[in-house]
Structure formats: structure tokens, C-alpha cells
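Heads up, the thing below is written out as C-alpha cells.
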Amino acid sequence: MPELPEVETIVRQLGPLVTGRKVASLEIFDQKLDSMDNESVPGRTVLEVRRLGKQIGIHLSGCPRTASALWLCFHLRMTGRLIWDDCCQTQNRKYLRAKLVLDKGELSFYDMRRFGSLKSYHSMAESLPAGLDPLSPEFAPSKLEKMLAHSRQEIKSWLLRQDRLAGLGNIYASEILFAAGINPRRQAGSLNSREINCLHSKIVEVLRLAIENCGTTFADFQDTRGQTGSFQGLLAVYGRQGDPCPKCGKPIVRIVQQQRSTFFCPDDQE
DNA sequence: ACCCTCCTGTCA
DNA sequence: TGACAGGAGGGT
């Protein structure tokens, strides 16, 4: 499920639930996550929960064994879910990959496709060579213009590059380009100043609106409380090939770029 | 700058 | 049976 708005939703919920709690244990059930050193986690206290791009970082204090603080970083990839106190047994236990047990409550990491990851770092920055967060104050039109300059990559593909902007994914890339009226096949470096300003403002607007709506949910439940987002009701083009374009009424078209679907309106996106 | 792959499941 | 799924690292 997770692009920036969904991850932000999880982080906002998780923060108040776990901050100040003490870690009792970290259980790993999937061999793919075995590189995680779960012995070094018990006894630490949760200091904060933060998002970096699409990653979720749980900041842990030092402990008697190790003085230095630690970041537990989750990346949910396609099907990862972090579920707080799964009392309702809403999730299929078969996909339980790890569990962080606190002095009160527990956080379960489910992941059907097992693309997700859990690793520990001494700082969050080292977890990924991440690009700029599009919701950070540093993200200005001039900055976007510099990043786009000379790139011959198609703008849709460029928007998915986490080493440039960290957090956009396949849904919001299509939605943002539709809102900005920019054809997904345009070369990134070919956008003029007017288009870049528009793109910049739509990136921020679409992400903020999606966060206000707790993200997009396709399957049943997603977030830490098993709640669903509601932004799927506001999607203009994603998954809507053949549906009438909200602006002009002509059919939305689906194309494939780098083996991934892109949805757009050929009439409204030049 | 692309294509494949990692997994498991659903749907046409 | 084959296409596709909200992601991204690795190889060419």
C-alpha cells in the first residue's frame, strides 16, 4: 500500500502509541529479515517515530548493553503492514514476519509478498540514499527545476526516483501529472518554468490532500489500527482506464512505462 | 536509462 | 494461463 501519504498516516498514528514505551523483545519470523540483530533491541526506549521518504524509522534510546541510540527502519514495499495490537485477528497470521513487543502493546509486521524490510541503523539518514522530501520546507520550485534540468528520463519515471524526490510512488505520480496537466511521457528536462511551478504546487497539493484523507486503500484495512484511507475515492486517473476524464470527459488511457502502469488523459496532459 | 527479479495472490 | 499489483536494488 505505501507511498508517502500512507506511510505518513502510519507514522502519525504510531508515534503517540509507542513513544516512551520500553522494548521487551523483537521477534523475527521470516528468514529474509534475519540480518536484523534482535538481541540488541530489548531494554531500549522508543524516543520517536519518523518517516524518511517511504521508510518508517523507530528511534530507540541507548541501553545498558550499548550506549548508542538505534533506529529500527521498516520499509513496507508493496504489501507490508504495521498493525498495532492485532487484537481483532484481522490479519492472516501466515504473513506475520516480525513483532516488536513493548512493555505495553505490540507492533506486528505483516507482509504477504515479503518485499518489505526491517533493518537497524545508527542514524536514519544512512538507511537509504534518499532524495528530498517533497513536504520539507526545502522543496522549492527552484530546487525542482535544478533537479529536472538536463534529464532525458520521462517525467513519470523521474517522479518515481527515490534518490531525487523521496516518497512518490505509482499512484501519486499519475495523479500529480494529471493535476498538473503534464504528459507522463514528456522528458523531465523539457519542462518549462511555468510547468515546473505547476508541477511543484501539484506535488505538494496532492500529497497534502491524500494525507488529510489518510491515504489510499485498495485492500480491506491498512493502517496501524486496521482503518482504511479514503483517498481512493478522490483518484482522478489511477486505475481508471476507460473512465471519463474529470476535466474533459474523454476516456482515461493506460500506458506502460518501465513495466509499470501510468494513467492519464491525452487531451488534458500536454 | 532500461529490464529483470524478488514474492504471493487475484482476476480476466 | 497470463497479466498485473501501491517498490526498489542489481545488472547491463
Side-chain angles (χ1 to χ4, degrees), chain A residues 1-11 29-35 51-56 73-82 91-98 109-119 126-131 134 147-178 184-190 206-207 210-211 213-223 227-242 254-263:
Chain A
M1 96 189 213
E3 298 182 36
L4 186 151
E6 292 77 31
V7 175
E8 180 69 20
T9 298
I10 289 169
V11 164
F29 307 114
D30 185 346
Q31 290 194 340
K32 279 185 85 174
L33 304 176
D34 263 358
S35 63
R51 178 183 62 76
L52 179 63
K54 297 174 191 171
Q55 295 216 80
I56 298 162
C73 291
F74 290 89
H75 196 308
L76 304 179
R77 290 304 216 288
M78 299 285 266
T79 54
R81 295 174 179 181
L82 283 177
Q91 308 293 313
N92 190 334
R93 308 294 294 179
K94 180 161 98 171
Y95 306 131
L96 180 63
R97 309 301 181 194
F109 177 41
Y110 291 90
D111 186 13
M112 183 182 75
R113 289 174 74 179
R114 301 168 67 206
F115 290 168
S117 61
L118 166 58
K119 291 172 186 166
E126 70 176 301
S127 66
L128 249 197
M147 289 193 284
L148 290 170
H150 311 305
S151 170
R152 278 169 299 171
Q153 200 166 20
E154 291 177 329
I155 185 63
K156 155 63 164 23
S157 301
W158 190 92
L159 288 175
L160 296 181
R161 292 187 59 167
Q162 304 300 301
D163 60 335
R164 296 299 191 273
L165 290 181
L168 298 184
N170 211 35
I171 296 178
Y172 297 105
S174 279
E175 292 297 314
I176 287 163
L177 288 172
F178 174 76
R185 287 184 156 137
R186 288 277 303 280
Q187 279 191 3
S190 77
V206 170
L207 291 177
I211 290 170
N213 285 273
C214 296
T216 301
T217 305
F218 290 147
D220 304 5
F221 8 76
Q222 308 291 347
D223 64 28
Q227 294 173 345
T228 62
S230 58
F231 193 75
Q232 63 274 15
L234 299 176
L235 294 175
V237 293
Y238 185 85
R240 295 187 171 280
Q241 70 271 34
R254 172 184 176 271
I255 60 172
V256 175
Q257 295 176 285
Q258 299 195 154
Q259 290 107 262
R260 308 201 69 194
S261 295
T262 302
F263 302 89

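Nothing here was measured: the structure is a model prediction, and the numbers come from that model. Protein chains get the first letters and strands the later ones, always in sequence-line order, with residue 1 at the start of each.
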(message) Between P on C/dA8 and CG on A/Leu159, what's the gap in Å once rounded to a whole number?
(response) 13 Å
(request) Step through the shown structure and confirm whether more than 12 heavy atoms of other residues, nucleotides or ligands are within 6.0 Å of NZ on A/Lys32. (result) yes
(request) Using only side-chain N and O atoms of A/His75, determine if any of them is under 4.0 Å from OP1 or OP2 of C/dG7. (result) no
(message) Which nucleotide wins on minimum distance to the side chain of A/Lys54, given the candidates C/dA8, C/dA5, B/dC2?
(response) C/dA8
(request) Give the minimum heavy-atom separation between A/His75 and A/Arg77, together with the two atoms involved. (result) ND1-N, 3.0 Å
(request) Would you kindly give the CD-to-C1' distance between A/Glu154 and B/dC2, to the nearest whole Å? (result) 11 Å
(request) Could you state the atom-to-atom distance from NZ of A/Lys119 to C1' of C/dA8 in whole Å? (result) 11 Å
(request) Rounded off to whole Å, could you give me the CD-to-C1' distance for the A/Gln259 and C/dG10 pair? (result) 14 Å
(request) Could you check how far CE of A/Met78 sits from P of B/dT5, rounded to whole Å? (result) 16 Å
(message) Does the plane of the ring in A/Tyr172 sit parallel, tilted or perpendicular to the ring in A/Phe231? Use 30° and 60° as the thresholds.
(response) tilted
(request) Return the value, rounded to whole Å, for the distance between atom CG of A/Leu160 and atom C1' of B/dC2. (result) 14 Å
(request) Give the minimum heavy-atom separation between A/Arg260 and A/Leu160, together with the two atoms involved. (result) NH1-CD1, 4.2 Å
(request) Answer yes or no: does atom CZ of A/Arg186 have more than 12 heavy-atom neighbours from other residues, nucleotides or ligands under 6.0 Å? (result) yes
(request) Provide the closest heavy-atom pair for A/Ala166 versus A/Pro134 in the form atom of the first, atom of the second, distance. (result) O-CD, 3.2 Å
(message) Between A/Ser261 and C/dC4, is there a contact of a side-chain N or O with OP1 or OP2 at under 4.0 Å?
(response) no
(message) Is A/Arg260 close enough to C/dC4 that one of its side-chain N or O atoms is under 4.0 Å from OP1 or OP2 there?
(response) no
(request) Nearest whole angstrom, please: distance from the C1' of C/dA8 to the CG of A/Leu165. (result) 16 Å
(message) Taking only the P atom of each, what is the distance from B/dG9 to C/dA8 in whole angstrom?
(response) 22 Å
(request) For the residue pair A/Leu168 and A/Leu207, establish whether any side-chain heavy-atom pair is separated by less than 4.5 Å. (result) yes
(request) Locate the shortest heavy-atom distance separating A/Leu76 from A/Phe109; write the atom from each residue and the value. (result) CD2-CE1, 3.7 Å
(request) Heavy atoms under 4.0 Å is the rule here; annotate nucleotides 7-12 of chain B 5' to 3' with B where the base is hit, S where only the sugar-phosphate is, and - elsewhere. (result) BBS---
(request) Please tell me if the side chains of A/Arg240 and A/Phe263 come closer than 4.5 Å, counting only heavy atoms from C-beta onward. (result) no
(request) Can you tell me the distance, in whole Å, between the CD atom of A/Gln257 and the P atom of B/dA1? (result) 14 Å
(request) Mind checking A/Gln153 for me? I need base, sugar-phosphate or nothing, with any heavy atom below 4.0 Å counting as a touch. (result) sugar-phosphate
(message) Does any part of the side chain of A/Leu4, heavy atoms only, come nearer than 4.5 Å to the side chain of A/Arg51, both counted from C-beta?
(response) yes
(request) Rounded to whole angstrom, note down the C1' distance from B/dA1 over to C/dA5. (result) 24 Å
(request) Write out the stems for DNA chain B, ordered by first number and formatted as range with range, counting runs of at least 3 consecutive Watson-Crick or G-U wobble pairs under 3.5 Å. (result) B:1-6 with C:7-12, B:8-12 with C:1-5
